[in-house]
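Labels below follow one simple rule: chain letters A, B, ... track the order of the sequence lines, proteins then strands, and each chain is numbered from 1. All figures in this text were calculated on a predicted structure; none of them were measured in a lab.
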Amino acid sequence: MTQEIGSPEASRYNVKEAEQRWQAQWESSSCFEVTEDSSLPKYYVLEMFPYPSGRIHMGHVRNYTLGDVVARYKKAAGFNVLHPMGWDAFGLPAENAAIENNVHPAKWTRENIATMREQLKSMGLSYDWSREISTCEPEYYKHEQKMFLDFMKQDLVYRKESWVNWDPVENTVLANEQVIDGKGWRSGALVEKRKLSQWFLRITAYADDLLSAIDTLDRWPDRVRLMQENWIGRSEGAHIQFDIVDHDEKLEVYTTRPDTLFGASFCAIAANHPLAQSLVADQPELNEFIQECNRLGTSEAAIETAEKLGFDTGLVVKHPLEEGKTLPIYVANFVLMDYGTGAIFGCPAHDQRDLDFARKYGLPVIPVVGPKGADPASVEVGDEANTDDGVLINSGFLDGLNVTDAKSRIIDHLEENKFGERAINYRLRDWGVSRQRYWGCPIPIIHCDGCGIVPVPESELPVVLPEDVDLSGAGNPLDAHPTWKHADCPTCGKAAVRETDTFDTFFESSWYYAQFASPGSEDVGFTKEAADYWLPVDQYIGGIEHAVLHLLYSRFFTRALKQCGYLEAVEPFAGLMTQGMVCHQTFQGTDGRWVFPSDVEDRDGTPVHIKTGETVTIGRTEKMSKSKRNVVDPEGIIATYGADTARLFMLSDSPPDRDLEWTDSGVEGAWRYANRLWRGVFQGEASRAERGAAVPGDMGEQTTAVYRLCHKTISDVSRDLDRFHFNKAVARIRELTNALDNLGEDNDGARWVRRFGWETVTRLIGPMMPHLAEELWHGLGHETLLADTPWPEFDASLLVEDSIEMGVQVNGKLRATVSLPKDCDQATAEAIVYELENVQKAIDGKDVRKFVYVPNRIVNVVV
RNA sequence: GCGGGCGUGGUGGAAUUGGUAGACACGCAAGACUUAAAAUCUUGUUGCCUUUGGCAGUGCCGGUUCAAUUCCGGCCGCCCGCACCA
């Protein structure tokens, strides 16, 4: 909701003028441009670079504010700080914009970049803009074409068939997000799965390393490490080969529960399992079922949330351990071809999904694990499968063993009798990098009828993406281009065609952090010396939504680049901070349409639409999104209140990893604080000592307390910034500001402490409100840039307190507080505590059973 | 469906390793200043009650402990990711 702002122009702090002035000063002094310097400790701060979607949004403001605080703080703390920015410029939205607004993706992207660059500059971010990169330019993507060819030489690249979402009306491949309820988002046509030959990067070659190295990422959030671990999904189990009755081939399944083999009552295969495909010709109903499965699209979420369905193929397998027993083979929509062998055996008693399936299709449920000591006959299975440990029953030679022992015993048996073996499986799949899209990096490959697949020679790189394309037609514009795809085969010289697929845009973002080390270098995108100096990124900051894919691909890329000799780093990001979303209230008009906050005003406590005057309803607070229109444009906020106010608000209340709710009142609170600081320095000169005045010998009690608080605040804020507790740092600086304002004494000591205090506040707030801090620093008589000024130090001797205020509990309930000498012994504490009136009253003559005393923390008298 | 997370006053949040729940703000109320308003300043502000005190209270139910927002078990609600959005 936009309200009349307390006319900021009227304030004597001229935000706009001051912010532009300091931005110009930083730029002209080049104070954020860096070079490798082995004499200084390096610190590489990186925020996830933005997709140039048009204008910056509040999520960017939050992300880049967080990074800027870290960068400025580390610079002040004496590090050689690299803090770059660039553009993740390839991607689908540019093509959508091309279709919707008839503008070329290149033009659209470059214009967006120009707009967003100016917007970022207005935020006063401490970037080394000389290192700016844009991934859609050949100067950038030529390097990844070479990397791809190098990966090929290292056997990290291969080609295989894989499934895509196919829109039969538009004749294009759809992204998962373009498939809505199984239909194409534009055409509305039922989406089909199609098989295409595509390029893959062998990320699974590094599965074990990517998994075990998670332990070394000690400055990553635990939850992200856990998500990566689960994504890689290493499991230990077995492959089992089943003989199919009256069939030449065998059915191989992967299972993590070989111990439950005696409880198997069916086998199930994926719809696109070769066996299922081979049966289609004779079974039209099966074909129909498989088509139905294919209509679910390629998204795992869609497949797994669909109703579990199966189709009995009529084929049966022999149970390998029980003579004469057979199990039916179903095609099931919940079995994934990409996991294990694309086939399972179902043991309904000990797997919930199998149980649901068995109940639905009337299959037997045989419990094979029971509680210890239970009578096998009494173990029954209800609605819930038993996945607990226990003792094997109804399982022949496995009976009586626990689950772990049974697993190992049965695998030995499988191996001895040659119908199965121990197996390790990963959930992680190889990374498919082919995209049938225009706005991406061309894959440097030529297809020759005679020579097959031929890499483009390095001397002919880059393969430049043509800009004269027709985007209005169906299909891939590169394929439709009249000349581009025709090339001579590098090997035999005959006419051949280029690969018309482009790379997944995760390709660009998997190595950009390395390019920032030395952009513009010709060879490989960066020099090894620069990469080895700057990498890994010391602190990476971005959204939790990238917790798995982008981060995992980048980790893989670093390893692959190392394998190719590009750099020495093992991990790309030593530290990771994930930020929460920026949320806002939603508003709806009487017709149910979403209303922009800027179109809502408050009239006598009722929110109404500014133009129509009709009442709007306030909905729940949600992530800012264009569709719900609950967005606030950063540009307007910066124009009105200045970047520092927006930055302070972003940092003030919510910790970085939590969601933040944008509120006008919160912004105004930040704005008021900015003005308060300004007044404190520019209107409080009279009560402050001159710069450089000698430390006075005598200070009053209150003055001493404020002086000590200054040192304590430096210590606390430093620690808070080290731990990224920006909201706490802000609270502490505000506390110090309050104390300075409330310092009533006015003598030499107080005047000296006032100067010291305001200088301290200015320096501490510097990373968060850099423009205002420069203004204050100047106002305090300094000629140098605060951006070049070292972080303040504190005197540890002033932090020591000699007595501590402690709570006194009786039976766990607070009855009094008492000031005790620091580290005082229990006898002294007891003596003092028992004298307290409230304590005596609470004990009320009862026997003291225990006197709990934790020095400097708590006293608890148990009666 | 699977994986991960979050939940504390009217609101955002704070609370070392289990040790005085509500720091710092926002909002609100009262007051000061002002012709008036804005700005600014002061005071109060978890709820309830019999109000110099007491009881309850950190999504819900239970457990461990002298002591639980914090640890354990079970629920509920919301959010993020699920491999072609970035």
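- At a threshold of 4.0 angstrom between heavy atoms, the contacts of A:Phe506 include nucleobase atoms, whether or not backbone atoms are also involved.
- The separation between A:Glu805 atom CD and B:G19 atom C1' is 15 Å, rounded to whole Å.
- Of the listed nucleotides (B:C66, B:G1, B:G4), B:G4 has the atom at the smallest distance from the side chain of A:Leu226.
- Among the protein residues, A:Val852 comes within range of the nucleic acid bases, having at least one heavy atom under 4.0 Å from a base atom.
- Summarising the geometry, the separation between CG on A:Leu552 and P on B:G81 is reported as 17 Å, rounded to the nearest angstrom.
- Within a 6.0 Å sphere centred on NZ of A:Lys308, other residues, nucleotides and ligands contribute more than 12 heavy atoms.
- Taking side-chain N and O atoms only, A:Asn860 has no distance below 4.0 Å to OP1 or OP2 of B:A67.
- The residue A:Gln178 sits apart from the nucleic acid: no heavy atom pair falls under 4.0 Å.
- Between A:Arg658 and B:A14 there is a side-chain N or O to OP1 or OP2 distance below 4.0 Å.
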request  = Applying side-chain hydrogen bond (donor to acceptor under 3.5 Å, both in side chains), run through A:Tyr673 and A:Thr737 and close with a yes or a no.
outcome  = CA-CA 10 Å; A:Tyr673 182 66; A:Thr737 314; 2.7 Å; yes
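- Between the base of B:G12 and the side chain of A:Asp653 there is a donor-acceptor pair shorter than 3.5 Å.
- Here A:Asn176 does not reach the OP1 or OP2 of B:C82: none of its side-chain N or O atoms lies under 4.0 Å away.
- For the pair A:Trp231 CH2 and B:A83 C1', the computed distance is 4 Å after rounding to whole Å.
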note = Note, RNA chain B 5' to 3' with Watson-Crick or G-U pairs under 3.5 Å encoded as ( ), [ ], | and . gives (((((((..(((......[....)))((((((.......))))))((((...))))..(((((..]....))))))))))))....
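- Residues A:Arg427 and A:Trp231 approach most closely at NH2-CE3, 2.7 Å, considering heavy atoms.
- In this structure, A:Arg672 does not reach the B:C41 phosphate: none of its side-chain N or O atoms is under 4.0 Å from OP1 or OP2.
- No donor-acceptor distance shorter than 3.5 angstrom exists from the side chain of A:His546 to the backbone of A:Gly543, with no hydrogens or angles considered.
- Contact annotation for A:Leu428: base contact, defined as any heavy-atom pair under 4.0 Å involving a base atom.
- Side-chain nitrogen and oxygen atoms of A:Thr505 include at least one within less than 4.0 Å of the OP1 or OP2 phosphate oxygen of B:A86.
- Note: CG (A:Asn727) to C1' (B:C26) measures 14 Å, nearest angstrom.
- In this structure, A:Arg223 does not reach the B:G5 phosphate: none of its side-chain N or O atoms is under 4.0 Å from OP1 or OP2.
- Residue-to-nucleotide contacts include a donor-acceptor pair under 3.5 Å from the side chain of A:Gln198 to the base of B:C84.
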task = Determine, step by step, whether A:Thr298 and A:Asn176 satisfy the side-chain hydrogen bond (donor to acceptor under 3.5 Å, both in side chains) criterion, reporting the C-alpha distance in whole Å, the side-chain angles of both residues, the deciding distance to 0.1 Å, and the verdict.
result = CA-CA 7 Å; A:Thr298 59; A:Asn176 281 337; 2.9 Å; yes
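- At the phosphate of B:U42, OP1 or OP2 sits under 4.0 Å from a side-chain N or O atom of A:Asn742.
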